[in-house]
Amino acid sequence: MSANPVSVEAYLDDVSRETVERLEDYAELVKKWNPRINLVAKSTLSDLWSRHIVDSIQVFQLAPRVTHWLDLGSGGGFPGAVAAILGAEKTPEAKFTLVESDQRKCAFLRTVSRETGAKFTVLTERIETLEPQRADVISARALASLNLLFEFTTRHGIEGTVSIFPKGAKVQQEIKEAQQNWKFELEEFPSATDTDARILRIGNIIHV
Ligand SMILES: C[S@@+](CC[C@H](N)C(=O)[O-])C[C@H]1O[C@@H](n2cnc3c(N)ncnc32)[C@H](O)[C@@H]1O
């Protein structure tokens, strides 16, 4: 990855002091739990805000008005927990669901919800066997190839669902491979944190 210098403040411009404090509490929890359950790569812990939190804020900013946000393979909560914290202020009527198969990470995520006051549901399940969630926004970061993510989103989405996936340097290759099996509407946005990465916003995913 080639890092972009990021002004974290620019991404917190339009959020309340209370929301910033919730994000700060969340960041402290990640740092506290990370040595035990490896929520983010140890080498990125010192750049938690510029690498992980800003990346997640960008995902939230690209989402349309949401009713049910589903974050797949949430791990330590990027971007799902950040979206739920921002959503508590921006879209208080929305429901947020985070899916994660690892029990210890789920325990962490429930602690985040309890201690920050951001309401989200944590499902300790595998995405493949989880009952369809009927979400209108679906996110996933560092989880799977686009081909597999499209399988997941067709299972858990509804008509009009928008999917938002941050993707690394192999993004163009993944898009090409997905185009062999799927039709979809694609928008690409530069990542604030990594010059090689893109955030994809995708709609109308149809298997061909
Ligand atoms: C590389 S981590 C990424 C975590 C987080 N999204 C991030 O960007 O920091 C992928 C996470 O997805 C979870 N996961 C992988 N496959 C899964 C599946 N089929 N169902 C549910 N969770 C899954 C793993 O346990 C892991 O925590």
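From a predicted model like this one, the values you see are computed outputs, not experimental measurements. In what follows, every heavy atom counts, from backbone to side chain, and hydrogens, waters and symmetry copies are set aside. Indexing begins at 1, ligand by ligand and atom by atom, following the structure's order.
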Inset, instruction - May I ask you to list the atoms of ligand 1 that are less than 4.0 angstrom from any heavy atom of Gly75? - result: 4 (C), 27 (O)

Inset, instruction - Going by the side chain to side chain contact (heavy atoms under 4.5 Å, CB included) test, name the single residue among Leu146, Ile164, Leu62 that passes it with Leu200. - result: Leu146

Inset, instruction - Could you list which atoms of ligand 1 come closer than 4.0 Å to a heavy atom of Glu128? - result: 18 (C), 19 (N)

Inset, instruction - Can you pull out the closest protein heavy atom to atom 13 (C) of ligand 1? Residue, atom name and distance to 0.1 Å, please. - result: Glu100 OE1, 3.3 Å

Inset, instruction - Pick whichever of Ile127, Val40, Leu123 has a heavy atom sitting closest to atom 20 (N) of ligand 1. - result: Ile127

Legend entry - Glu89/Arg17 ion pair, N-O < 4.0 Å: no

Inset, instruction - Give yes or no for whether the N/O distance cutoff of 3.5 Å, strictly under, is met between Asp102 and ligand 1. - result: no

Inset, instruction - Considering the heavy atoms of Ser74, write down every atom of ligand 1 situated less than 4.0 Å from one of them. - result: 4 (C), 5 (C), 6 (N)

Inset, instruction - Report yes if some N/O of Phe152 lies less than 3.5 Å from some N/O of ligand 1; otherwise report no. - result: no

Inset, instruction - Among all protein heavy atoms, pick the one closest to atom 9 (O) of ligand 1 and tell me residue, atom and distance. - result: Arg141 NH1, 3.3 Å

Legend entry - Leu72 N/O to ligand 1 N/O under 3.5 Å: no

Inset, instruction - Answer whether the closest heavy-atom distance between the side chains of Ile175 and Leu186 falls below 4.5 Å. - result: yes

Legend entry - With Arg141 via side chain to side chain donor-acceptor pair (under 3.5 Å) - residues at least two apart: His52, Asp55

Inset, instruction - May I ask you to identify the nearest protein heavy atom to atom 12 (O) of ligand 1, giving residue, atom name and distance to one decimal place in Å? - result: Gly73 CA, 3.3 Å

Inset, instruction - Report yes or no: do Ser191 and Asp194 form a side-chain donor-acceptor pair below 3.5 Å? - result: no

Inset, instruction - Run the numbers for me: atoms of ligand 1, each under 4.0 Å from some heavy atom of Ser101, listed by number. - result: 14 (N), 21 (C), 22 (N), 23 (C), 25 (O)

Inset, instruction - Answer whether the closest heavy-atom distance between the side chains of Glu131 and Leu123 falls below 4.5 Å. - result: no

Legend entry - Pair Arg110-Thr124, side-chain donor/acceptor within less than 3.5 Å: yes

Inset, instruction - Mind jotting down which residue pairs meet the ring-ring contact (aromatic ring centres under 6.0 Å, His included) criterion with at least one end in residues 188-208? Sequence neighbours excluded, please. - result: Trp182-His207

Legend entry - Taking atom 14 (N) of ligand 1 as the reference point, the nearest protein heavy atom with its distance: Leu143 CD1, 3.8 Å

Legend entry - Test item: side-chain donor near acceptor, Thr67 and Asp136, under 3.5 Å: yes

Inset, instruction - Give yes if a backbone or side-chain nitrogen or oxygen of Ala142 is under 3.5 Å from a nitrogen or oxygen of ligand 1, and no if not. - result: no

Inset, instruction - Quick one: look at Ala140 and ligand 1, take heavy-atom pairs under 4.0 Å, and tell me if it's side chain, backbone, both or neither. - result: neither

Inset, instruction - State the atoms of ligand 1, each with its element, that fall below the 4.0 Å cut-off from a heavy-atom position in Lys105. - result: 26 (C), 27 (O)

Inset, instruction - Please step through side-chain contact (heavy atoms from CB on, under 4.5 Å) for the pair Glu115 and Tyr26, ending with a clear verdict. - result: CA-CA 8 Å; Glu115 295 201 8; Tyr26 169 50; over 6 Å; no

Legend entry - Glu125: numbered ligand 1 atoms lying under 4.0 Å from its heavy atoms: 20 (N), 21 (C)

